[in-house]
Amino acid sequence: MNKVLLIAEHDGRHLNSSTAKALSCAAALEHAQITVAVFGHDVSGVGEEAARLAGVERVQLFDDPGFAMPLAAALASVIAAQALQYTHVFAPSTTFGKDLMPRVAALLDVPAVSDIMAVESARRFRRPIYAGNVVLTVEVVDAPVVVGTVRTASFEAAPAGGQASVEKAGVFLRGVTHSRVISQAQAPEGRPDLQTARRVVSGGRALGSAEKFQLVHDLADALGAAVGASRAAVDAGYAPNQLQVGQTGKVIAPDLYIALGISGAIQHLTGIKDARTIVAINTDSEAPIFESADYGLVGDIFELVPQLQVLLQSRAGRQ
Ligand SMILES: Cc1cc2nc3c(=O)[nH]c(=O)nc-3n(C[C@H](O)[C@H](O)[C@H](O)COP(=O)(O)OP(=O)(O)OC[C@H]3O[C@@H](n4cnc5c(N)ncnc54)[C@H](O)[C@@H]3O)c2cc1C
C-alpha cells in the first residue's frame, strides 16, 4: 500500500489544475491511497473541488487565518510533522511546489526527487536533467518517506468523479519571523494563468521594449491566451520575471504556443517541449525555433502580428 499526501495548490478560491496533474502521478503508484492537503483560510470550497477528483480518498483541510498567505517556511514544518504517516509526499513542480518541497525534505533529512516525469515503481522515478536533454532514472533508498515534486507537463489532469471525505485538520502553525508576505499580485482578471493555460503567446528580445511588448499582450487577449516571455525579454525588462518560460522559468504544456521573435535556445525550448502545437514567427529562417515549430512564419512580427489580429477580428465578426 502506498499512502500519498498530495499538497494542493490553489488561489484561495479554486484548485489549480497542477494539483489534478500531480494527482495522476500519485495515482500511478501501485495501490495508492491518496490524501490531498489543502492549506489556506476559508478554503472549504477548494477542499470540495479536491474531493471531487477521481482517485482522492480523503481531503484534509488545514484552514487557519495563519495560512491565508502561507509562506513555504511555515507550511514546511506542518507538512514535515505529518509526513511520516505517509509513504510519499508530493506537490506539483510549480513555483509553489519547488519552494516548498525541498524545505520539507530538508526538515525530514531525506532526499527530494524533483520534476518526476514518470513513475517506474514506488521508489523509482524518471526525471529530466540538462534542460531536458537527458532523462535520469532515480531511486530513493533508505528514506522513510519519498518527498517529490511532479512535472505537471508530463501528466494529464485527473478527471472529476471522486467522492472523497473532507476533514478539518488541527493546525499547529509554527510562526516564522524571518520573512512575511507583503503583497501578492495576480494576473489581470480574465487572463489565464501561464502555468496552466491552454494557449500561450510569448515574446522575445525582438520586441525591443516594454511598450512594444504590448503586441504580445494584444495577440494573447485576442486569443484568450496567457502571456509568456523569453529570458532575454525578461532580463531586458520588457516583461516581468514571473512570465519567463524555460529552464529557469516556467515549464508549460499548452495546446498552442506562439513564439514571437524568440530564437529557440535550448533553455527556452525545454520549457515548451510538451506543447502540442508550436507556432513561430521570426525574421531569421535559420532560427532554431523553426526546428521545433509545427508552423513557422518567416517575417517581421511588427508586420505579421497586426495582420493576424485583423484576420482574427474579421473571423470573430463573422461568428
Ligand atoms: C543557465 C541558463 C538558463 C537559461 N534559462 C532560460 C529560460 O528559462 N528561458 C529562456 O527563454 N532563456 C533562458 N536562457 C537564455 C537562453 O540561452 C537565450 O539567451 C534566450 O532564450 C534568448 O532569448 P530570445 O530568443 O528572446 O533572444 P535572441 O536569442 O536574441 O533571439 C531573438 C530572435 O528574434 C528574431 N527577431 C529579431 N527581430 C525580429 C522581428 N522584428 N520579427 C521577428 N523576429 C525577429 C531574431 O532572428 C532572433 O531569432 C538561459 C540561459 C542559461 C545559460
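Nothing fancy with the numbering, it's 1 onward along the sequence. One-based numbering, in listed order, for ligands and for the atoms of each. All heavy atoms count here, side chains included; hydrogens, waters and symmetry mates do not.
Close contacts of ligand 1 with S230, meaning ligand atoms under 4.0 Å from a residue heavy atom, involve 11 (O), 23 (O), 24 (P), 26 (O). For ligand 1, the atoms sitting less than 4.0 Å from at least one non-hydrogen atom of A206 are 34 (O), 36 (N), 37 (C), 38 (N), 39 (C), 45 (C), numbered in the order shown with element in parentheses. Per-residue contacts place V245 under 4.0 angstrom from the following atoms of ligand 1 (heavy atoms of the residue considered): 7 (C), 8 (O), 9 (N), 10 (C), 11 (O). Annotation for ligand 1: atoms under 4.0 Å from non-hydrogen atoms of G249 are 8 (O). For ligand 1, the atoms sitting less than 4.0 Å from at least one non-hydrogen atom of D300 are 40 (C), 41 (N), 42 (N), numbered in the order shown with element in parentheses. Contact atoms of ligand 1 toward A265: 16 (C), 17 (O), 18 (C), 21 (O) (distance under 4.0 Å to a heavy atom of the residue).
Scanning all protein heavy atoms for the shortest distance to atom 30 (O) of ligand 1 gives R205 NE, 2.5 Å.
The pair R151-D274 counts as a salt bridge, with a side-chain nitrogen and a carboxylate oxygen less than 4.0 angstrom apart. Salt-bridge formation is detected for the pair E139/R124: a Lys NZ or Arg NE/NH1/NH2 atom is positioned less than 4.0 Å from an Asp or Glu carboxylate oxygen.
Considering backbone and side-chain atoms together, I301 places an N or O closer than 3.5 Å to an N or O of ligand 1. Residue G261 places at least one N or O, backbone or side chain, under 3.5 Å from an N or O of ligand 1. Taking distance alone, with nitrogen or oxygen atoms compared against 3.5 Å, G204 stays at or beyond that limit from ligand 1.
Not one N or O on the side chain of N16 forms a donor-acceptor pair closer than 3.5 Å with the backbone of E9.
Within the 4.0 Å heavy-atom cutoff, G299 counts among the residues contacting ligand 1.
Between H88 and F90, the distance from one ring center to the other falls under 6.0 angstrom.
In this structure, atom 19 (O) of ligand 1 has no protein heavy-atom contact shorter than 4.0 Å.
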Give the intermediate values and the outcome of side-chain hydrogen bond (donor to acceptor under 3.5 Å, both in side chains) for residues T283 and D300. CA-CA 5 Å; T283 43; D300 189 331; over 6 Å; no

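Judged by the 6.0 Å and 45° rule, K212 forms no cation-pi pair with Y238.
Under the 30°/60° scheme for interplanar angles, the aromatic rings of F62 and F67 are found to stand perpendicular.
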